[in-house]
Amino acid sequence: MGIRGGARLSLLIAAIASSATAGPQPGSPAPAPSSAWTFLAQDTFRVESWRFFEPHPGGGNPDYHFAANRLLLQVRRAMPRIEFRLAVQHVGLAGLPPLASGPGALGTGALYFDQGGRRRHPQQLYLRYANLRLKRILPGLDLQVGRQGYASGNESVTREPAIEAVKRQRMDARLIGEFEWSIYQRGYDGVRADWSRDAARLTGIVFMPTQGGFAREAGKTMTNVVVAGATFGLLPSASRPHTDLQAFIWRYADERLVSGRPDNSGRTALAADVGITTVGGTAIGAYPAGGGQLDLLGWLAVQRGRWYGDDHSAVSAAVEAGYQWPRGRWSPWLRAGLSHASGDADGADTRHETFFPMLPTVRRFSQTAVYSTMNLDDLFVQALAFPTAAVSLRLDLHRLWLASATDRWYAGSGATLSQGSNFGYVTRPSNGSTTFGTSVEASAAWTVTRHWSVNGFAGALSGGPVVTGTFFGHRLWFVYGETALRIGG
């Protein structure tokens with residue numbers, strides 16, 4: 001590959017993370033020196049502009065702008081056998097739209113307004129992290145307790161930059177994540193154990209998520225939601241180079257006092273009644289080929305369990321491939337793939353078949369943030385380029401269908417509140433069609449200095465009959481600009 005090509009390839013993890021999640025993430029600070037106190041201040045400022053699908057006369061206002069700011073203050077102490085982390089976070093929003101609902105929330109501004117106490121300029125200070133990591137309590141075993149971050153699929157790190165870039169952009173937080181891009185985010189209270197030996201990695205968790213995402217009362221533990229499970233991974237090794245493998249099993253239980261029931265049954269609920277087990281696996285590879293590198297991804301998840309007294313049976317899968325020319329001008333990288341999340345064929349029977357992605361960071365897979373990986377088929381092509389070491393560019397084209405015309409159009413990223421009317425996923429009618437539409441999304445990230453980065457995104461979605469059966473207009477625009485400042489580590 002050469003020194004120049006290898007150096008460019010090593011930039012991909014940081015570049016993809018920046019463009020996919022809009023800035024450096026407070027959940028993954030740089031490692032602290034042994035036996036040292038470190039302090040971190042990270043401020044993220046964003047302006048969002050929405051032109052949602054135009055409602056019929058009498059509907060809400062689909063055009064608006066608002067600003068949001070998030071400040072994280074963190075202290076860490078790392079010692080040879082113990083690591084301590086404490087962080088508080090302040091969030092403030094300005095100019096939220098009071099009339100941007102109908103039918104449903106018309107973009108993220110409406111969600112922040114509705115779940116933020118219906119205030120145009122809400123603010124909140126809350127505990128983001130408070131955890132203790134005990135290292136090597138047994139050979140190869142670490143234990144972390146308290147409030148912490150977590151992203152499924154990213155439990156272990158390989159030495160392969162291309163694998164890590166694909167993992168960060170297309171795999172981690174697909175089922176469990178911190179809702180990173182949302183201004184409030186989410187955390188997890190509980191226990192995590194990590195065991196490693198040679199190329200093997202085993203992680204187990206028992207967590208209760210915190211409120212957050214779009215909800216102003218962030219930081220409160222949702223004690224009636226429990227997620228537990230384990231992953232087993234095999235990192236690339238001498239006998240199996242360039243391939244990362246993982247198997248996973250999760251159990252999600254939800255008994256919140258929320259009346260929203262996101263399915264196609266038409267039935268109401270006094271409280272959530274969900275208990276689902278998800279089993280599956282992932283394979284990611286990056287292989288030298290010709291003058292560049294070929295990457296492959298395969299992912300499968302199968303679900304069984306209980307959905308409001310009905311039997312739950314669902315499946316989701318993804319296959320993707322890409323090729324990068326690291327020695328070419330701008331190191332171009334082309335990728336394409338297809339993902340499927342099953343839908344329900346009959347809302348009147350006693351079998352629920354809509355795939356349930358639990359607690360994801362959905363914006364990694366839905367950058368316009370208007371659909372979720374439920375009852376969905378998503379065919380995409382993607383181009384990435386790196387003009388300089390500090391600049392990354394990304395262009396995505398998605399063709400979207402509902403998996404079942406008898407199911408619903410779903411949006412959301414999982415539980416945000418312990419009680420009320422909002423489950424965390426919302427639905428709109430399919431209008432008897434599977435044709436959702438086509439989206440074009442462009443983003444750019446510029447690391448101006450090691451302390452300062454700037455990111456931008458513009459997305460447009462042209463809706464099909466699924467959209468036009470509910471809205472007067474068929475076109476949506478979403479644009480934002482963001483700056484992130486980081487001091488310390």
Side-chain angles (χ1 to χ4, degrees), residues 25-29 72 74-78 81-89 126-138 140-156 172-180 182 184-196 201-213 215 217-233 246-258 272 274-279 305 356-361 413-419 423-424:
Q25 296 304 316
S28 303
L72 177 88
Q74 175 179 280
V75 59
R76 297 175 73 218
R77 176 71 186 274
R81 301 295 292 271
I82 299 176
E83 183 175 325
F84 168 75
R85 182 183 186 190
L86 178 67
V88 296
Q89 190 157 276
Y126 54 98
L127 181 67
R128 183 72 173 96
Y129 300 114
N131 58 73
L132 189 68
R133 187 174 184 86
L134 307 175
K135 307 175 186 178
R136 301 185 301 279
I137 59 175
L138 292 173
L141 180 64
D142 293 356
L143 190 68
Q144 189 168 353
V145 296
R147 178 163 298 181
Q148 54 197 281
Y150 184 73
S152 62
N154 198 29
E155 291 83 0
S156 58
D172 78 351
R174 187 181 281 265
L175 295 176
I176 305 171
E178 295 181 62
F179 213 160
E180 296 139 301
S182 68
Y184 289 110
Q185 305 178 310
R186 95 167 38 104
Y188 293 94
D189 292 335
V191 180
R192 169 178 174 170
D194 293 277
W195 174 85
S196 62
R201 301 290 186 272
L202 178 64
T203 297
I205 65 163
V206 179
F207 285 152
M208 294 179 291
T210 67
Q211 293 190 161
E217 293 184 352
K220 292 185 177 180
T221 308
M222 291 189 282
T223 57
N224 36 21
V225 179
V226 177
V227 58
T231 66
F232 178 73
Q246 187 188 78
F248 55 81
I249 181 170
W250 305 112
R251 180 66 180 179
Y252 177 93
D254 189 342
E255 297 179 349
R256 288 173 297 145
L257 296 176
V258 293
V274 178
I276 292 175
T277 299
T278 305
V279 179
F356 179 67
M358 298 189 293
L359 298 163
T361 298
S413 200
T416 58
L417 291 166
S418 290
Q419 55 186 359
F423 183 96

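Separating the CE atom in Met208 from the OG1 atom in Thr223 is a distance of 6.5 Å, to the nearest 0.5 Å. Annotation: the span from Leu132 atom CG to Arg77 atom CZ amounts to 12.0 Å, rounded to 0.5 Å. Taking OG1 from Thr278 and CD1 from Ile176, the interatomic distance works out to 8.5 Å, rounded to the nearest 0.5 Å. Trp195 CH2 to Leu141 CG: the interatomic distance, rounded to the nearest 0.5 Å, is 9.5 Å.
Residues Asn224 and Met222 are in side-chain contact: their nearest non-hydrogen atoms beyond the backbone lie under 4.5 Å apart. A 4.5 Å side-chain heavy-atom check between Leu257 and Ser418 finds every atom pair outside the cut-off.
In this structure, Phe356 has its ring center under 6.0 Å from that of Tyr252.
Side-chain atoms of Arg147 do not come within 3.5 Å of backbone N or O of Ala130 as any donor-acceptor pair. Although no hydrogens or angles enter the test, the distance criterion places no donor-acceptor pair under 3.5 Å between the side chain of Arg174 and the main chain of Thr361. Glu255 places no side-chain N or O within donor-acceptor distance of the main-chain N or O of Val274, the cut-off being under 3.5 Å. Proximity of a side-chain donor or acceptor of Thr210 to a complementary backbone N or O of Gly187 within less than 3.5 Å is detected. Side-chain atoms of Asp142 come within 3.5 Å of backbone atoms of Arg136 as a donor-acceptor pair (strictly under, hydrogens ignored). A distance-only check finds a donor-acceptor pair linking the side chain of Ser413 to the backbone of Pro360 [under 3.5 Å].
Looking at every heavy atom in both residues, Ala87 comes nearest to Leu72 through CB-CD1, 3.9 Å. Here the shortest heavy-atom pairing between Val258 and Leu417 reads CG1-O, 3.9 Å. Here the closest non-hydrogen pair linking Arg186 and Pro209 is CD-CB, 4.4 Å. In this structure, Gly212 and Ala218 approach most closely via the heavy-atom pair CA-CB, 4.0 Å. Across Met358 and Leu175, no two heavy atoms sit closer than the pair CB-O, 3.5 Å. Between Leu143 and Ala193 the shortest heavy-atom distance is CD1-CB, 3.9 Å.
Arg256 forms a cation-pi arrangement with Phe423, by the criterion of a distance under 6.0 Å to the ring centre and an angle within 45° of the ring axis. A cation-pi geometry, defined here as NZ or CZ lying under 6.0 Å from the six-membered ring centre and within 45° of its normal, holds between Arg85 and Tyr129.
Checked against ring-ring contact (aromatic ring centres under 6.0 Å, His included), Phe207 has the following partners two or more places apart in sequence or in another chain: Tyr150, Tyr188.
In the model, Asn131 has a side-chain atom that pairs as donor or acceptor with a side-chain atom of Gln144 under 3.5 Å. Arg201 and Ser196 are not linked by any side-chain donor-acceptor pair at a separation below 3.5 angstrom, with hydrogens and angles left out of the test. Between the side chains of Glu155 and Gln246, at least one donor N or O sits under 3.5 Å from an acceptor N or O.
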side-chain contact (heavy atoms from CB on, under 4.5 Å) assessment of Trp250 paired with Ile205 = CA-CA 9 Å; Trp250 305 112; Ile205 65 163; 3.4 Å; yes
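Applying the side chain to side chain donor-acceptor pair (under 3.5 Å) test between Gln185 and each of Glu178, Arg128, Glu180 identifies Arg128 as the sole match.
Using a 4.0 Å cut-off between charged side-chain N and carboxylate O, Asp194 and Arg192 make a salt bridge.
Pairs passing the salt bridge (charged side-chain N to carboxylate O under 4.0 Å, His left out) check and including a residue from residues 217-229, sequence neighbours excluded, read Glu217-Lys220.
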